[in-house]
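Worksheet: one structure, shown below.
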Protein chains: 2
Amino acid sequence: MSDLTTNPRPPAAPPLTERQEARRRRILHTAAQLASRGGFDAVQMREVAESSGVALGTLYRYFPSKVHLLVATMQDQLQLMQSQLRKHPPSATDPGARVTETLMGTFRGLQREPQLAEAMVRALTFADRSVSAEVDQVSRLTAVLITEAMALDHPLSRDQLAAVRVIEHTWHSALVTWLSGRASIAQVRIDLETACKLLAE
Amino acid sequence: MSDLTTNPRPPAAPPLTERQEARRRRILHTAAQLASRGGFDAVQMREVAESSGVALGTLYRYFPSKVHLLVATMQDQLQLMQSQLRKHPPSATDPGARVTETLMGTFRGLQREPQLAEAMVRALTFADRSVSAEVDQVSRLTAVLITEAMALDHPLSRDQLAAVRVIEHTWHSALVTWLSGRASIAQVRIDLETACKLLAE
DNA sequence: GGGTAATCTAGAACACGTTCCAATGATGCA
DNA sequence: TGCATCATTGGAACGTGTTCTAGATTACCC
């Protein structure tokens, strides 16, 4: 929407050399590793830099803030999940049930590394406008995840698109409540199932 | 749920003296004022303390962190909105429409002080487990807001309770999306209306 | 290969949330 | 009234995200 004013990165980012690409991967890997034990607070920029064999200034050149770094980590993880899901698509027949199944599967994935999940989601919700392009990308990935789970042959109707948005809101907010210990996994499942009712017409 | 282990405040908090109550109000007022211009970042603990005529250590005795302070501010504002709404209840006849109307009204209230809204919502979503009791309270206030808008004479059915949860998720997440500039008010309204369809049976 | 611009490094410096401490003031009990 | 406990104050100190600088290294072009 306001890419022209708010988005300094994507417009013609110069392609990275091989060494640079490697550095970037190394940084993301270190971040995920530190997050996996310790969560958000354990991802300390000095330590990320040192463990990645990179100077602090360089780290900040690649990721302009800790939040940017962790949101990029989330993009990474989401893409991983996506390729997993394409290999093992959900089995239910009803679209709503498939979406629930898919999202709960993703949930279990996050559950396996709860600290990593905490770090990424805290970053995502704490992000201010300077990260909106990257956050938007995460949102887009999530929407794709949901619509692929529906596995329809038609393009989505207007109502279905609206429903997908609400499901995404529910997914995201339920995740936050679970991470802060205010809802159980069972409750999250119920909330997702409720939201998925909107897919039936 | 886990109040016994996670909630150090409410169990028998000693009643505050008048001077203490006044200090607390003063602090909350300063916080809201600083947040109103400047948002989250502008609420600096040293400045809150100084402007409230209170030592930094005292501020931290009343509110153990910046996030606690801003979540308390949100509780405050929500209660304000609640009393406003009780004076001017929504006019529509359909429960779903009344809920949308109420929430959009609240939204417009937040829109009038967008920086304050940003500060409170950032705090809310950034809160970790140490604030879960307070965040839970905010969630409860929101749920009350929604159910009062429905204005039913029966107690809520199981499905309605589930729907209220999804509406609350949607409200919360849509708020975040709007604050980060990734959705328009019109889009927020559509999302709320979509979620409110769940109230029809 | 030489020159130049971009990138990277090491580390100091700064900002703000948070903690700690010694001294002072308020409160309530015998 | 005197004493004991707790709250408040002012300010120093610490940790971590972020910025800045000067010099080394790398990448690219002729």
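Keep in mind that what you see is a predicted model, and the values were worked out from it rather than measured. Residue numbering restarts at 1 for every chain, and letters A, B, ... go by the order of the sequence lines.
The interatomic distance linking A:Phe40 (CZ) with D:dT16 (P) rounds to 13 Å, in whole Å. Spacing between atom CD of A:Glu47 and atom C1' of D:dT18 amounts to 17 Å, rounded to whole angstrom units. Spacing between atom CE of A:Met45 and atom P of D:dT19 amounts to 10 Å, rounded to whole angstrom units. Rounded to a whole Å, the CG atom of B:Leu59 is 14 Å from the C1' atom of D:dA7. In this structure, the CZ atom of A:Phe63 is 16 Å from the C1' atom of D:dT18, given to the nearest Å. Rounding to whole angstrom units, CZ of residue A:Arg26 and P of C:dC8 are separated by 11 Å. When the P atom of D:dA7 is taken as reference, atom CD1 of B:Ile27 falls 14 Å away, rounded to whole Å. For the pair A:Glu50 CD and C:dG11 C1', the computed distance is 13 Å after rounding to whole Å.
Listed pair A:Gln20 / D:dT26 fails the phosphate criterion, with no side-chain N or O lying under 4.0 Å from OP1 or OP2. Of the side-chain N and O atoms in A:Tyr62, none sit less than 4.0 angstrom from OP1 or OP2 of C:dT7. The side chain of B:Arg19 places no N or O atom within less than 4.0 Å of a non-bridging phosphate oxygen (OP1 or OP2) of D:dT8.
You'll find that the side chain of A:Gln44 is closest to D:dG17, out of C:dC8, C:dT18, D:dG17. Out of D:dT18, C:dA10, C:dT18, the shortest distance to the side chain of A:Ala55 is found at C:dA10. For A:Lys66, counting side-chain heavy atoms from C-beta on, the closest listed nucleotide (D:dT9, C:dT9, D:dT18) is D:dT18.
Side-chain to base pairing of B:Arg61 with D:dT9: no donor and acceptor N or O lie closer than 3.5 Å to each other. Under 3.5 Å, the side chain of A:Arg46 and the base of D:dT18 form at least one donor-acceptor pair of N or O atoms.
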### Task
Given side chain to side chain donor-acceptor pair (under 3.5 Å), test A:Ser130 with A:Asp128 step by step and report yes or no.
CA-CA 6 Å; A:Ser130 72; A:Asp128 66 357; 2.8 Å; yes
### Task
Before giving the answer on salt bridge (charged side-chain N to carboxylate O under 4.0 Å, His left out), spell out for A:Arg189 and A:Glu193 the whole-Å C-alpha distance, their side-chain angles and the decisive distance to 0.1 Å.
CA-CA 6 Å; A:Arg189 170 181 274 278; A:Glu193 282 167 349; 3.2 Å; yes
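Heavy atoms of B:Val48 sit nowhere under 4.0 angstrom from any nucleic acid atom. Among the protein residues, B:Val67 comes within range of no part of the nucleic acid, since none of its heavy atoms lies under 4.0 Å from any strand.
In this structure, the side chain of A:Arg98 does not engage the main chain of A:Pro90 through any donor-acceptor pair within 3.5 Å.
When each of B:Leu56 and A:Arg23 is assigned the nucleotide of DNA chain C bearing its nearest heavy atom, the one mapping closer to the 5' terminus is A:Arg23. Each of A:Val54 and B:Val43 lies near DNA chain C, and the nucleotide nearest A:Val54 is the one positioned closer to the 5' end.
The pair A:Asp76-A:Arg25 meets the salt-bridge criterion, with a side-chain N (NZ, NE, NH1 or NH2) lying under 4.0 Å from an Asp/Glu carboxylate O.
Annotation: A:Glu50, atom CD; neighbour count of heavy atoms from other residues, nucleotides and ligands within 6.0 Å does not exceed 12.
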